[in-house]
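Read through the structure below, which is laid out as structure tokens, and then see the notes.
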Amino acid sequence: MLTLLTFPAAFGLYSASPFCVKTACMLQTAGLQWRRSDMLDPRKMPHRKLPVLRTPDRLVPDSELIRDWLESQGADFDAGLSETQKSQSRALIRLAEEHLYFHIVHDRWTNAEVWPILRDTFFVEIPALIRRPVSNSVRKSVLKGLDAQGVSRFSDTERMDRLNRDLEAVSAYLRQKPFLMGEKPTSADMSVWPVLDAMRATPADTPLTRRIKNDSLLSGYLDRVEQAIPLS
Ligand SMILES: N[C@@H](CCC(=O)N[C@@H](CS)C(=O)NCC(=O)O)C(=O)O
């Protein structure tokens, strides 16, 4: 039996981490026997991050390496796609995971309204007495990471403009078809959907949550993938 080591469910999502949701989607689609095991502290994991897949032989870290492992077992998430579609899919995955994702991190960790909810969700295992200092120190390092990545250096307007350009690019794929590459979900949906769904689910009314909720094309798409890949 395969075990997905994942961050727990939060904000109505299968997991607070879009990478964990992506991996659950891949496991579900691959049709293998698997179960979830929740953890909040990934420091002992190979990359000190989640998701990680426990296979009979080893721990496989990183959603992309997990994809490779699943494909080595016979999974094909892009069956029937042309080489061009596979290249477009690769670009969409990077767009979601290496750019859109950081807008979620920014929205979650910098917003004063979201922070108390985040603190009591992500740090629930930390005894109440030391929860504030521990969580404040982690928050400081996340904010440092956002500064290094660069997303927090833009003004709100500039950041939204960058986000909108990417969302327009994603939307262009969805005007004529239900999923990014056609009639059924493929690997691109398994990366883009969890990121946009997490953007919509941030537990406060923010410009990002509004941007997705008020966009009927994108909202309809998110609901469609959720129905197409049911995660229990
Ligand atoms: N490239 C990794 C990214 C995974 C990732 O960034 N996971 C985050 C949660 S969304 C994490 O574990 N963060 C904990 C940390 O950095 O301490 C993948 O595709 O799995």
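Atoms within each ligand, like the ligands themselves, are counted from 1 in listed order. For the numbers below, each heavy atom of this structure counts, side chains included, while hydrogens, waters and symmetry mates do not. Positions are given from 1, in the same order as the sequence printed here.
Looking at atom 17 (O) of ligand 1, its nearest protein heavy atom turns out to be R48 O, 3.8 Å. Scanning all protein heavy atoms for the shortest distance to atom 12 (O) of ligand 1 gives L50 N, 2.9 Å. Of all protein heavy atoms, the one lying nearest to atom 2 (C) of ligand 1 is D62 OD2, 3.3 Å.
Nearest-heavy-atom check against atom 9 (C) of ligand 1 across F7, F19, F122 picks out F7. Taking only non-hydrogen atoms, the option from K49, E64, E97 nearest to atom 6 (O) of ligand 1 is K49.
To the nearest 0.5 Å, atom CG of residue L4 and atom OG of residue S63 are 10.5 Å apart. How far CG of L50 is from NE2 of H47: 12.0 Å, rounded to the nearest 0.5 Å. Atom-to-atom distance recorded for S152:OG and D147:CG is 4.5 Å, nearest 0.5 angstrom. Separating the CD atom in Q28 from the CE atom in M190 is a distance of 10.5 Å, to the nearest 0.5 Å.
Below 3.5 Å of separation, one finds no N or O of P18 facing any N or O of ligand 1. Looking at S17 next to ligand 1, no N or O pair under 3.5 Å apart turns up. The shortest N or O to N or O distance between S63 and ligand 1 is below 3.5 Å.
Note: W109 and F123 have perpendicular aromatic rings, judged against thresholds of 30 and 60 degrees for the angle between ring planes.
Between F179 and Y173, a ring centre-to-centre spacing not shorter than 6.0 Å is recorded.
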